[in-house]
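Scroll down for the structure; my scribbles are underneath it.
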Number of protein chains: 2
Amino acid sequence: MSNVDGQSTKSTRSGVQSVVRAFALLDLIADAGGRATLSELAERADLPMPTIHRLLRTLVGLGCARQMEDRGYALGPALMRLGDLAGRQLGDIVQPYLRSLVQDLGETANIAVLDGDMMVYSAQVPSQHSMRMFTEVGRRVHPSATGVGKAVLPSLKQERIAQIVQSSGMPELTPKTITDYDELLEELDRIRERGYAIDEEEQELGVRCFAVNVPGAPTPTAVSVSGPKSRLDEEFAKRAIPLVQGAAQQIGAELNRVE
Amino acid sequence: MSNVDGQSTKSTRSGVQSVVRAFALLDLIADAGGRATLSELAERADLPMPTIHRLLRTLVGLGCARQMEDRGYALGPALMRLGDLAGRQLGDIVQPYLRSLVQDLGETANIAVLDGDMMVYSAQVPSQHSMRMFTEVGRRVHPSATGVGKAVLPSLKQERIAQIVQSSGMPELTPKTITDYDELLEELDRIRERGYAIDEEEQELGVRCFAVNVPGAPTPTAVSVSGPKSRLDEEFAKRAIPLVQGAAQQIGAELNRVE
DNA sequence: ATTGTTATTCCACTATGCGGAATCAAATCT
DNA sequence: AGATTTGATTCCGCATAGTGGAATAACAAT
């Protein structure tokens, strides 16, 4: 969702030009951290100011944008409800992929998204074992101490990583939790290299987790399998990691599918 | 954000017709629980099907809507990021009002929004007392056992209340927690009558909270003050309740302000 | 196979959205 | 305090993007 020039979008993804432009502006405001001036938007959107102004006034009227007292624009509260309901649809979208993982591997599968400075579990399919991971949907966990968080962080810019970790903190949840920032960065380098993250009892003793970033997700998202380390051994890892990586690719493609 | 007929909107809130219509369709899908068919939308929007179809295809192309295999439409994942960032703006919007409450009353002030079946604290200004309420932003709490939840529930439809309570459950957090559904409904009747909710040690022993629904909020929202019951006595209540009610009105007006 | 319902595509038409020019408002400089 | 610069907003003639009725396609029910 990037193209503000309705003409070139017409050749790739046909659509109503004004609607495409309006969402492009919301996207640009989001890219700027939730706030931007009309001039900044004009520069990035490569559209004339009267056009941007008219679209923004419409969005303000709808509650999807707000004009601040310094004349800058911010995302508006009306988007919260749509975002909340869309988040619930995500669970529906990914459920088949999580179920497939559970069938193949026999362990609990989860999806979590980055929400502010914490990871939030938004869908889960538990395994059939009596002793299994159960993470309530909606639960917020520290990015630095979880597989899903460590899977997502490497895909972010360095300053964004610093901001998130500084804001959410690095509490010592178990003796295995990474609490040193430089050590975390080294771990993120390793994750980038091998393409998946491991939670080695960092969030909870006795629990292991393998997680992979979902490429192209509209918001940073990770898919994972988790369970007791007695079951999630190296042999399990060899089977699980390619399957989780495959699920991440499929989910990413599904989230980007437009037909 | 309701009017799908661009013409009548023109006289009230001028705007780009296609953009107004596109968001109206998203709103209608949201009203239907996140999913709707083209026919349902045509009926409620009072627009010709080709028009609705064209707008929906645009939204699908942007990732803001998804077409399911049964040809129905659902809200799409691209709205999640916008909703998340808009939620963070909410904190900025309400901060001055919460700060004002804390200055006037000397106790912690909070805003919480309904997210699925739980209330989520999205902003807080703590009091200066050493012993004070501190609720982490992002924390999810049960609607039936909190002031903010009980403030919001009376504004919802009966079937929505039943759905939320059935889904989130009514766990006994303290001996004072309401765990009987009929008793909860009676309490909601009382809240409707007097215009505010009280958490009488239901969420946490020794803690009291006065909460008011925010009228006209784009998503169910409540504002509250909370603290130890030794300080939040009846005399405090007499001072606090009108101020919290006033803050709720102001926040509601602010969230609906378009100029 | 037929019928009914819902969804999608086509296309002539025009009303809406566009964007350059003009104007206004705020910030900065002298 | 006044002038200049920068950014935002409004105006309005124009043309094309968006409209919606008709036609067609797809799906569900019988």
Side-chain angles (χ1 to χ4, degrees), chain A residues 3-26 28-29 32 35-62 64-74 76 257-259, chain B residues 3-26 28-29 32 35-62 64-74 76 257-259:
Chain A
N3 217 314
V4 299
D5 182 333
Q7 302 304 2
S8 58
T9 296
K10 205 187 189 85
S11 62
T12 57
R13 292 178 171 179
S14 67
V16 177
Q17 187 186 57
S18 305
V19 175
V20 170
R21 286 176 165 181
F23 275 101
L25 290 174
L26 290 174
L28 288 171
I29 297 175
R35 300 177 169 218
T37 66
L38 197 135
S39 308
E40 290 168 357
L41 293 172
E43 199 175 309
R44 290 182 198 142
D46 197 28
L47 284 173
M49 282 191 148
T51 304
I52 293 176
H53 189 263
R54 185 176 46 254
L55 290 165
L56 283 177
R57 299 266 22 106
T58 304
L59 292 170
V60 167
L62 295 169
C64 297
R66 293 177 47 80
Q67 185 166 31
M68 298 170 291
E69 274 160 32
D70 67 355
R71 300 172 105 186
Y73 289 87
R257 180 177 67 80
V258 297
E259 206 48 47
Chain B
N3 218 315
V4 298
D5 180 333
Q7 302 302 2
S8 57
T9 296
K10 208 186 187 82
S11 63
T12 57
R13 293 176 171 181
S14 67
V16 177
Q17 186 185 57
S18 305
V19 175
V20 171
R21 286 176 162 180
F23 275 100
L25 290 174
L26 290 173
L28 288 172
I29 298 175
R35 300 181 171 216
T37 67
L38 199 133
S39 308
E40 290 167 357
L41 293 171
E43 198 175 311
R44 288 179 198 145
D46 197 28
L47 283 174
M49 282 191 147
T51 303
I52 292 176
H53 189 261
R54 186 174 47 255
L55 290 164
L56 283 177
R57 297 261 33 99
T58 303
L59 294 170
V60 167
L62 294 169
C64 297
R66 291 177 50 82
Q67 187 166 31
M68 298 171 291
E69 272 159 33
D70 67 356
R71 301 170 105 188
Y73 289 87
R257 179 176 67 80
V258 297
E259 207 49 50

**Request:** Give a yes/no answer on whether the side chain of B:Arg54 brings an N or O atom under 4.0 Å of OP1 or OP2 in D:dT19.
**Result:** yes
**Item:** The single option from B:Leu41, B:Thr58, B:Thr51 passing side-chain contact (heavy atoms from CB on, under 4.5 Å) against B:Leu25
**Value:** B:Leu41
**Message:** If you only use heavy atoms from C-beta on, which nucleotide in D:dT9, D:dG18, C:dG19 is closest to the side chain of B:Ser18?
**Reply:** D:dG18
**Prompt:** Using a cut-off of 4.0 Å on non-hydrogen atoms, how would the nucleic acid contact of B:Thr51 be classed: base, sugar-phosphate, or nothing?
**Reply:** base
**Prompt:** So, is B:Gln67 close to the C:dT6 phosphate, meaning a side-chain N or O under 4.0 Å from OP1 or OP2?
**Reply:** no
**Prompt:** Is any side-chain nitrogen or oxygen of B:Tyr73 closer than 4.0 Å to OP1 or OP2 of C:dT8?
**Reply:** yes
**Rounded distance in Å - CD (A:Glu43) to C1' (D:dT6)** = 13 Å
**Message:** Check whether B:Glu40 reaches the backbone of B:Thr37 with its side chain - one donor and one acceptor, N or O, closer than 3.5 Å.
**Reply:** yes
**Prompt:** So do the side chains of B:Phe23 and A:Leu59 get within less than 4.5 Å of each other, counting heavy atoms only?
**Reply:** yes
**Fill in**
The residue, A:Arg71 or A:Pro50, whose nearest nucleotide of DNA chain C is more 5′ is A:Pro50
**Message:** If you compare every side-chain N and O of A:Gln17 against the phosphate oxygens of D:dT19 (OP1, OP2), does one of them come in below 4.0 Å?
**Reply:** no
**Message:** Looking at A:Thr58, I'd like to know whether one of its side-chain N or O atoms comes within less than 4.0 Å of OP1 or OP2 on C:dG17.
**Reply:** no
**Request:** Identify the heavy atoms of A:Leu38 and A:His53 that sit nearest to each other, and give their distance.
**Result:** CD1-CD2, 3.5 Å
**Message:** Of the options C:dT8, D:dT9, D:dT19, whose atoms approach the side-chain atoms of B:His53 most closely?
**Reply:** C:dT8
